[in-house]
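Okay, so here's the structure we're looking at.
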Amino acid sequence: MKRKKILVVAPAYPFRGGISMEEAYLYKIISSMGMDYKAISYTLLYPKIFFPGKTQYDDSKFIPFEHNDKIERIISSVNPFTWWKAYKKIKQEQPDIVIFRWWMFFFAPCIFTIAFLIRLRMKQTQVTIFTDNYISHENHWWEKYLVKFAFTRAHSFIAASEFVANQIKNDFPQKTICTTTLSIYDCYNLNRYDKPSAKQMLNINTKEVIIFFGLIRPYKGLMKLIEAFPLIKEKRKDITLLIVGECYGEVKEYEDRIRDLGIEKDVIFVNKFVANEDIEPYFVASDVVVLPYESASQSGIIMTAYAFRKPVVVTNVGGIKEQVLQNETGVVIDSNSKEDILQGVNTILDNRESIDYAKNIENFVDSFGKQKLKQFLSTSL
């Protein structure tokens, strides 16, 4: 019997970030189901003029679930000739399902074109769009038109939260939607550190540590956490705020605010994109992960925190609360005000002896979405 084949169109290593990591986890999940896997990746994602970071490429020495032989790099986001070339390669492969990884409107013309050609000329192939955002955090007024334009070509959707699934359902009520989650990013835990050695490596001497991790952009609310930290310090004298991530924007405004508040001795600010093999000690050393977002559909940082069995404090925005069991795996706060952040952090740190956050997280993630994703892929074939 011929093995079923799934082809994924997505950024893959050496592109960096959560979207590429999710492609690696798709490879792991689909391969574990006994199906053939193929990926078509990009040669260019963003023209340099549009990219706010230092580089789009990952120079990590540790590459999770390496599968370079399954990846073909064809697509330039700005070159329609490569879109045709990608379609021709997909036609040659004759997959049962093509999964397009969606993350922002910039790629709408490219994804629409390839999906349109598949729908027109490959009647036996299903087209699915897998997305963790429907509308981006910037929420431009014209964006929804581009998104709907691209999404019309899909037979079905995979949504990484109920929040996103409901957004899609409003515009495409007749189409199948699989609601799942992002993967638990357990690949970063290399078991090289315990808490004392991680804190020693990072030169942290305080009893407690809270961490903000990930790319720093205005909607992620880091400034709110910085401004809340003096209040946290009033009760918890022996505590460090650990900020780790590359700043997309002006880092000076954060550094100046830390200095103005007089907390520079209590803050460790690592302004860089952290290689895969170097992520572990930051989470192992920490007691709670704080994500005071202004907007969110879900969060890959929560998935990383849970991999290290760390509780989280998150704001009640978008679908992010779906990833948290209140007072069991973390705390959902009403807003990212200083007072609410203080309440969330204190709730977790004050209850560590009575609530087994690590055990709760372990039980919770067992119900997460890869099982739903496997069921959806099996029934779609």
Counting N and O atoms only, with roles assigned by atom type, does the side chain of [X] sit under 3.5 Å from a partner on the main chain of [Y], one being a donor and the other an acceptor?
X      : Y      : result
Asn276 : Ile63  : no
Glu162 : Glu322 : no
Asp356 : Lys359 : yes
Arg119 : Arg153 : yes
Asp287 : Ile210 : no
Lys175 : Thr152 : yes
Ser32  : Ile29  : yes
Glu280 : Tyr193 : yes
Arg192 : Glu277 : yes
Gln298 : Ile320 : no

Residues [X], [Y]: salt bridge by 4.0 Å N-O rule:
X      : Y      : result
Glu208 : Arg236 : yes
Asp266 : Lys237 : no
Asp350 : Lys235 : yes
Arg259 : Glu255 : no
Lys220 : Glu294 : no
Glu23  : Arg101 : no

Find out whether [X] and [Y] are in side-chain contact, i.e. whether some heavy atom of one side chain is under 4.5 Å from a heavy atom of the other.
X      : Y      : answer
Val324 : Lys321 : no
Pro47  : Phe106 : yes
Phe376 : Ser156 : yes
Val312 : Gln323 : no
Ile99  : Leu377 : yes
Ile158 : Thr180 : yes
Ile341 : Leu225 : yes
Gln326 : Val331 : yes

Do [X] and [Y] have side-chain atoms, one donor and one acceptor, less than 3.5 Å apart?
X      : Y      : result
Gln94  : Thr125 : no
Thr347 : Gln343 : yes
Ser76  : Thr82  : no
Asn68  : Arg73  : yes
Asp96  : Gln126 : no

ask   = What's the verdict on side chain to side chain contact (heavy atoms under 4.5 Å, CB included) for Leu231 and Glu234, showing C-alpha distance, side-chain angles and the deciding distance?
value = CA-CA 5 Å; Leu231 294 180; Glu234 285 180 13; 3.8 Å; yes

Suppose we call two aromatic rings close when their centres sit under 6.0 Å apart. Are [X] and [Y] close by that rule?
X      : Y      : answer
Tyr87  : Trp84  : yes
Tyr185 : Tyr25  : yes
Phe149 : Phe112 : yes
Tyr134 : Phe151 : yes
Phe157 : Phe130 : no

Should [X] and [Y] be counted in the same cluster of Ile, Leu, Val, Met, Phe, Trp and Tyr side chains packed under 4.5 Å apart?
X      : Y      : answer
Phe283 : Ile268 : yes
Val365 : Leu373 : yes
Tyr46  : Tyr57  : yes

How many angstroms lie between [atom1] in [X] and [atom2] in [Y], if you round to the nearest 0.5 Å?
X      : Y      : atom1 : atom2 : answer
Thr181 : Asp132 : OG1   : CG    : 11.0 Å
Glu362 : Thr329 : CD    : OG1   : 13.0 Å
Tyr306 : Leu182 : OH    : CG    : 12.5 Å
Phe172 : Ile129 : CZ    : CD1   : 8.0 Å
Thr43  : Asn79  : OG1   : CG    : 7.5 Å
Arg217 : Tyr293 : CZ    : OH    : 11.0 Å

inquiry  = Before you tell me yes or no, could you show the steps for Trp102 and Ile111 under side chain to side chain contact (heavy atoms under 4.5 Å, CB included), namely the whole-Å CA-CA distance, both residues' side-chain angles and the distance that decides it to 0.1 Å?
reply    = CA-CA 8 Å; Trp102 176 273; Ile111 290 175; 3.6 Å; yes

inquiry  = For Glu264, I'd like to know if atom CD has over 12 heavy atoms of other residues, nucleotides or ligands within 6.0 Å.
reply    = yes

task = Before giving the answer on salt bridge (Lys or Arg N to Asp or Glu O under 4.0 Å), spell out for Lys144 and Asp171 the whole-Å C-alpha distance, their side-chain angles and the decisive distance to 0.1 Å.
result = CA-CA 10 Å; Lys144 190 170 184 179; Asp171 290 328; 3.5 Å; yes

ask   = Can you list every ring pair (Phe, Tyr, Trp, His ring centres under 6.0 Å) pair that touches residues 340-373, not counting sequence neighbours?
value = Phe364-Phe368

request  = Sort and list the pairs that fulfil ring pair (Phe, Tyr, Trp, His ring centres under 6.0 Å) and have at least one residue in residues 226-270, not counting sequence neighbours.
outcome  = Phe51-Tyr248

query = Run the ring pair (Phe, Tyr, Trp, His ring centres under 6.0 Å) check on Tyr27 and Phe65 step by step: do they pass?
reply = CA-CA 8 Å; Tyr27 161 73; Phe65 320 121; 7.7 Å; no

inquiry  = Going by side-chain hydrogen bond (donor to acceptor under 3.5 Å, both in side chains), Thr240 matches just one of Asn203, Asn205, Thr206. Which one?
reply    = Thr206

